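Let me begin by presenting the structure, written as structure tokens, before commenting on it.
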2 protein chains.
Amino acid sequence: MSNAPIRPSDGELAILRVLWNRGPSTVRDVLTELSKDRDMGYTTVMKLMQIMVVKGLVVRDESARTHIYQAAQEEERTQSFLLKELMDKAFDGSAASLVMRAISSTKADERELAEIQAFLKRLRKERS
Amino acid sequence: MSNAPIRPSDGELAILRVLWNRGPSTVRDVLTELSKDRDMGYTTVMKLMQIMVVKGLVVRDESARTHIYQAAQEEERTQSFLLKELMDKAFDGSAASLVMRAISSTKADERELAEIQAFLKRLRKERS
DNA sequence: TGACATCTGCGAATGAGTTCGTAATCTGAT
DNA sequence: ATCAGATTACGAACTCATTCGCAGATGTCA
């Protein structure tokens with residue numbers, strides 16, 4: 001296989017998020033979703049998605065007149081990739097310091113903290 | 001104050017890391033350090049650092065012939081900023097899901113997991 | 001069928017980030 | 001004083017991401 005994940009740009013990542021949440025979608029679908037946040041033209045989104053096809057970030061079903069796009073990479077895979085990247089670039093490669101910074105500086109509420117702790121316990125048990 | 005942190009580019013971040021680790025440094029110092037990883041020319045680093053002065057990412061002591069550069073933003077502050085950014089762009093703004101992904105997908109060893117758990121416990125106690 | 005809307009493909013313009021060549025300036029040693 | 005080496009400043013070139021205008025093709029509906 002050896003399919004290393006491909007680094008999506010910011011705009012590409014926004015589109016991928018829509019595809020992950022909605023499943024297979026048309027350009028119009030994605031545009032409608034993205035328009036809630038920023039204001040962009042149809043052809044802008046179109047162009048980005050075309051580029052993403054070439055890069056292999058999405059796959060396209062061209063059988064119908066209106067093409068259907070689908071994410072080609074797992075959301076988890078991409079998230080892990082981006083985290084690893086940030087870890088290397090800004091945390092000297094230390095997962096622990098990244099996680100601790102995330103916990104303490106972002107406003108994770110008590111419920112989230114408890115969730116994280118439970119997750120951590122489970123993971124440690126599994127690994128032991 | 002209202003000094004929102006400034007988004008450093010990748011190259012700028014690499015330089016900031018050197019300044020955070022070494023403290024005030026010259027262009028040559030930074031170049032020497034960066035050369036361990038990638039291969040870049042003196043003027044390339046120089047140019048980047050000049051731009052960073054203009055942006056306010058670093059401050060420069062010009063009293064001597066050879067200027068001394070220093071990071072103008074705290075490392076923590078920048079790390080938090082970048083984490084928040086990634087959280088919004090790739091984790092739908094959820095700190096918990098980012099943290100759990102980071103814990104499970106990067107190879108944090110048992111020692112790191114224990115460290116995180118201790119940190120988490122302390123934080124929850126503080127907040128309660 | 002004809003008018004109209006929608007979709008795709010193409011190409012160009014813009015801007016940010018990066019890299020480096022060149023010139024000017026300064027320092028220190030001989 | 002002068003020369004070699006190091007440093008700074010300036011600007012050009014290049015890539016990549018982003019945005020959009022325009023043309024051509026296709027579908028819809030009166």
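Chain letters run A, B, ... following the sequence lines, proteins first and then strands; every chain starts at 1. Values below: every heavy atom of this structure, side chains too, minus hydrogens, waters and symmetry copies. What you see is a predicted model; the values in this text were computed from it and never measured.
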*Describe, as an angle rounded to 10 degrees, how the axis at the first end of the helix from C/dT1-D/dA30 to C/dT30-D/dA1 is tilted relative to the axis at the last end, five pairs per end.*
10°
Single-linkage hydrophobic cluster [X]~[Y], side-chain heavy atoms < 4.5 angstrom:
| X | Y | result |
| --- | --- | --- |
| A/Ile51 | A/Met40 | no |
| A/Met46 | A/Leu31 | yes |
| B/Ile68 | B/Val45 | no |

Closest contact, heavy atoms only, [X] versus [Y]:
| X | Y | result |
| --- | --- | --- |
| A/Ala114 | B/Arg124 | CB-NH2, 3.6 Å |
| B/Leu82 | A/Ala90 | CD1-CB, 4.0 Å |
| B/Leu98 | A/Ala102 | CD2-CB, 4.1 Å |

*Which distance, rounded to the nearest 0.5 Å, do you find between the OG of B/Ser105 and the CD of A/Glu76?*
8.5 Å
Inspect the contact between [Y] and [X] and indicate whether a charged nitrogen and a carboxylate oxygen are less than 4.0 angstrom apart.
| X | Y | value |
| --- | --- | --- |
| B/Arg111 | B/Glu115 | yes |
| B/Arg127 | A/Glu110 | no |
| B/Glu12 | B/Arg7 | no |

_Neighbours of DNA chain D within residues 33-45 of chain B, by heavy-atom distance under 4.0 Å_ = B/Tyr42, B/Thr43
*Mind listing the residues from residues 51-75 of chain A sitting with a heavy atom below 4.0 Å of DNA chain D? Number order is fine.*
A/Ile51, A/Lys55, A/Arg65
*Would you say B/Glu85 has more than 12 foreign heavy atoms packed within less than 6.0 Å of its CD?*
yes
*Under a criterion of less than 4.0 angstrom to any heavy atom of chain A, what are the 5'-terminal and 3'-terminal contacting nucleotides of DNA chain D?*
D/dA17 to D/dG27
*Check the pair B/Met49 / B/Val27 against side chain to side chain contact (heavy atoms under 4.5 Å, CB included), numbers first and verdict last.*
CA-CA 8 Å; B/Met49 292 174 80; B/Val27 173; 4.0 Å; yes
*Along DNA chain C, 5' to 3', what are the outermost nucleotides having an atom less than 4.0 Å from a heavy atom of chain B?*
C/dG17 to C/dT27
*With side chain to side chain contact (heavy atoms under 4.5 Å, CB included) as the test, would you mind laying out the steps for B/Val59 and B/Tyr69 before giving the verdict?*
CA-CA 6 Å; B/Val59 291; B/Tyr69 294 78; over 6 Å; no
*For side chain to side chain contact (heavy atoms under 4.5 Å, CB included), just list the numbers for A/Lys47 and A/Thr44, CA-CA rounded to whole Å, side-chain angles, deciding distance to a tenth of an Å, and then say yes or no.*
CA-CA 5 Å; A/Lys47 182 65 165 185; A/Thr44 302; 5.9 Å; no
Cut-off 3.5 Å, no hydrogens considered: what does the side-chain donor-acceptor table look like for residues 13-25 of chain B, sequence neighbours left out?
residue, atom, partner, partner atom, Å
B/Arg17, NE, A/Asp92, OD1, 3.3
B/Arg17, NH1, A/Asp88, O, 2.5
B/Arg17, NH1, A/Lys89, O, 3.1
B/Trp20, NE1, B/Gln73, O, 2.9
B/Asn21, ND2, B/Arg17, O, 3.2
B/Arg22, NE, B/Ser25, OG, 3.1
B/Arg22, NH2, B/Asp29, OD2, 3.3
B/Ser25, OG, B/Gly23, O, 2.7

